[in-house]
Amino acid sequence: MEFRSIYGTGDILPEDSFKWQHIEEKVKKIMAFYNYKEIRTPIFESTQLFSRSIGEDTDIVRKEMYTFLDQGKRSLTLRPEATASVVRAYLEHNLGKVFPFVKLYYIGPMFRQERPQKGRLRQFHQFGAEAIGSLDPLVDAELIELSTRIHHDLGIEDYTLHLNSIGCKKCRSAHRDLFIKFIKDRFENFCSECQLRLNRNPLRIFDCKKEGCVKILAFAPKMIDFLCEECRTHFEKVKSYLKKLGIEYKEDPSLVRGLDYYTKTVYELKSSLLGAQDTLCGGGRYDLLIEELGGEQTPAMGFSAGMERILLVLELKKKKFGEDERLDFFICPLGQGAKEKALKLIKDIRKKNLRSDMDYLNRSLKSQMKEANRQKAKKVLIIGEEELKKGVIILKDMESGEQKDVGMNEFLNEISAYEE
RNA sequence: GUGGGUGUAGCUCAGUUGGUUAGAGCACCAGGUUGUGGCCCUGGUGGUCGCGGGUUCAAGUCCCGUCAUCCACCCCA
């Protein structure tokens, strides 16, 4: 085959597209309950927007972005995530000046050039929400609750909420020095990967799953013990609010997220049903990002969820997405005259907002009936030469198999009853 | 970027120690009704066995290369 979809991308075919629509509709509905408004931003932005917000030293920026020069030699990048774009739009349109607190959600494709595997594609889809303008831990709790609500309503309950606080600038530097010293003192005992990570992104060492490293890390200074007064009370508040909301969580001091802009609260929803890529949803606070991108100091919090992963879980659970709606009528014309009659008739039926289709291949009646059956038509209309002469059509009920002749006007009056 | 697995019909897969026209189920088409679907029966369409090279009298099968794809590492949604 000469052309195929690019590695790590895929087509969503009709047999699956209704599942996507189902998820999208649920997300839109629930976001509305929480008064989040949709924002749609371009799928490409200036490269710098991402490198500055996500962080020059993150894996995403260092090796995963789809970056290209346009005809004007500007460096552009396909968005690897949406928060940077949302914040850019927030600043560009001065949304903060109009509303002191802004709640936005988005839904759409993201792009990262990683090696594809289960639950990981190069073009993938996320929905997410951003709440900009409040430092109140209430916002953290509400947003976490919102993300669990959506998963819950989609039929996903087998997940664990991992919760941590990675503090602010102040507490982080205090922890960082001691943590690096701790690792250096035991440098030889760590695996080669962790040794490399020490210089690049020391906190990532917490992600290592090798037994040796994990054992040592159990005694390493944890971020959570270095939180400043403000960050600690913030975290305590978040936890108490979650308890009030009846949301179970697992404190996970090893949870560190891959984007540099996070501060204080970070969390992930992980599903044991997935493979190595088990994070359904992740998010946190980013109180410094807006300032970093040229705005005033503005606290914010957000999350994003991976739609392919949600679909994977639902498929594993054999979740039903509701039946694809059935066809109301299938029209079987026999001969040229009948075909012309059918063309006009099907327009009138559709005008009554009923789903209908007809034969386009001049097939035999038997084949047309087969097609009607395949399309799960509730009723079939047969127009042959005899009917044409008599000025009637045959109306057949596909469930009962019963059929009768009806006059054209009589039929049109009858289907009016189906409207709405 | 690294490692491992897998490439045979539209889909899911058989194919013996290398052996002659490469199979099944599903799907599709036609017939079993002259103008009537589902179930059943009969028949049919459909494959350069991923691609290239090599070994051999003989390769879907063995070897090498290459491409694609999946999983894992990494990282994340």
Side-chain angles (χ1 to χ4, degrees), chain A residues 1 3-10 13 15 54 58-64 79-83 107-128 147 151 159 191-194 196-197 200-201 204 206-210 255-259 266-271 274-283 302-313 330 332-335 338 359 361 363-388 394-403:
Chain A
M1 206 171 302
F3 295 111
R4 43 186 313 148
S5 70
I6 302 303
Y7 190 37
T9 71
L13 300 175
E15 63 197 72
I54 296 167
T58 58
D59 277 24
I60 294 178
V61 171
R62 280 177 49 242
K63 50 189 190 192
E64 295 172 5
R79 63 181 184 194
E81 58 106 38
T83 302
I107 172 165
M110 309 293 160
F111 308 84
R112 291 184 202 171
Q113 204 163 162
E114 300 179 84
R115 198 62 127 230
Q117 68 183 80
K118 191 185 179 78
R120 189 168 75 189
L121 292 171
R122 290 184 166 180
Q123 172 174 332
F124 59 102
H125 299 78
Q126 293 185 329
F127 63 81
S147 58
H151 286 77
Y159 59 77
C191 69
S192 54
E193 284 158 25
C194 286
L196 279 174
R197 281 192 275 219
R200 288 214 324 257
N201 206 339
R204 287 257 153 265
F206 273 119
D207 280 351
C208 189
K209 284 141 195 152
K210 297 208 173 60
L255 179 62
V256 271
R257 299 190 41 78
L259 297 89
V266 291
Y267 79 101
E268 286 186 7
L269 262 40
K270 287 167 176 287
S271 168
L274 291 171
Q277 312 304 318
D278 60 354
T279 302
L280 284 166
C281 167
F303 78 83
S304 68
M307 298 175 73
E308 280 82 0
R309 292 186 187 174
I310 287 175
L311 229 29
L312 272 176
V313 171
F330 189 88
C332 306
L334 298 166
D359 175 68
L361 301 174
R363 284 179 276 192
S364 68
L365 181 57
K366 186 188 172 90
S367 295
Q368 294 193 41
M369 289 301 296
K370 270 189 143 171
E371 187 62 38
N373 197 57
R374 185 166 27 216
Q375 299 286 347
K376 299 192 181 77
K378 293 176 194 161
K379 297 197 175 233
V380 164
L381 297 173
I382 302 166
I383 313 172
E385 279 170 33
E386 279 178 43
E387 288 71 33
L388 225 44
I394 297 176
L395 172 61
K396 173 161 181 160
D397 186 296
M398 291 296 270
E399 301 273 305
S400 67
E402 285 167 21
Q403 64 180 58

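Each chain gets a letter, A, B and so on, in the order its sequence line appears, and its residues count up from 1.
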Between [M] and [N], how far apart are the [atom1] atoms? Round to whole Å, please.
N	M	atom1	value
C41(B)	C57(B)	C1'	46 Å
G53(B)	A59(B)	C1'	13 Å
U6(B)	C63(B)	P	12 Å
G7(B)	U45(B)	P	27 Å
U61(B)	G15(B)	P	14 Å
A14(B)	A22(B)	C1'	11 Å
U33(B)	U42(B)	C1'	15 Å
C28(B)	G10(B)	C1'	9 Å

Tell whether [X] reaches the base of [N] with its side chain through a donor-acceptor pair below 3.5 angstrom.
X	N	answer
Asn373(A)	G38(B)	no
Glu399(A)	G38(B)	no
Gln117(A)	C74(B)	yes
Lys396(A)	U36(B)	yes
Arg120(A)	C74(B)	yes
Gln403(A)	U36(B)	yes

For the backbone of Ala372(A) and the side chain of Gln375(A), can you confirm whether one donor and one acceptor N or O come within less than 3.5 Å of each other?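 No; zero donor-acceptor contacts below 3.5 Å.
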| query | Would one find a side-chain N or O of Ser367(A) under 4.0 angstrom from OP1 or OP2 of G37(B)? | reply |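 No, Ser367(A) has no side-chain N/O under 4.0 Å of OP1/OP2 on G37(B).
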- prompt: Does the side chain of Lys370(A) get closer than 4.0 angstrom to OP1 or OP2 of U36(B) through an N or O atom?
  reply: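 For U36(B), neither OP1 nor OP2 has a side-chain N or O of Lys370(A) closer than 4.0 Å.
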Rounded to the nearest angstrom, tell me the gap between atom CE in Met369(A) and atom P in G38(B).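 Met369(A) atom CE is separated from G38(B) atom P by 9 Å.
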Take atom CZ of Phe330(A) and atom C1' of U36(B), then tell me their distance rounded to the nearest Å.
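So the two atoms are 13 Å apart, to the nearest Å.
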Report the distance from atom CD of Gln277(A) to atom CD of Gln117(A), rounding to the nearest 0.5 Å.
->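 That separation rounds to 4.0 Å.
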Side-chain heavy-atom pair Pro80(A), Ile54(A) within 4.5 angstrom cut-off
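Answer yes - side chains close enough.
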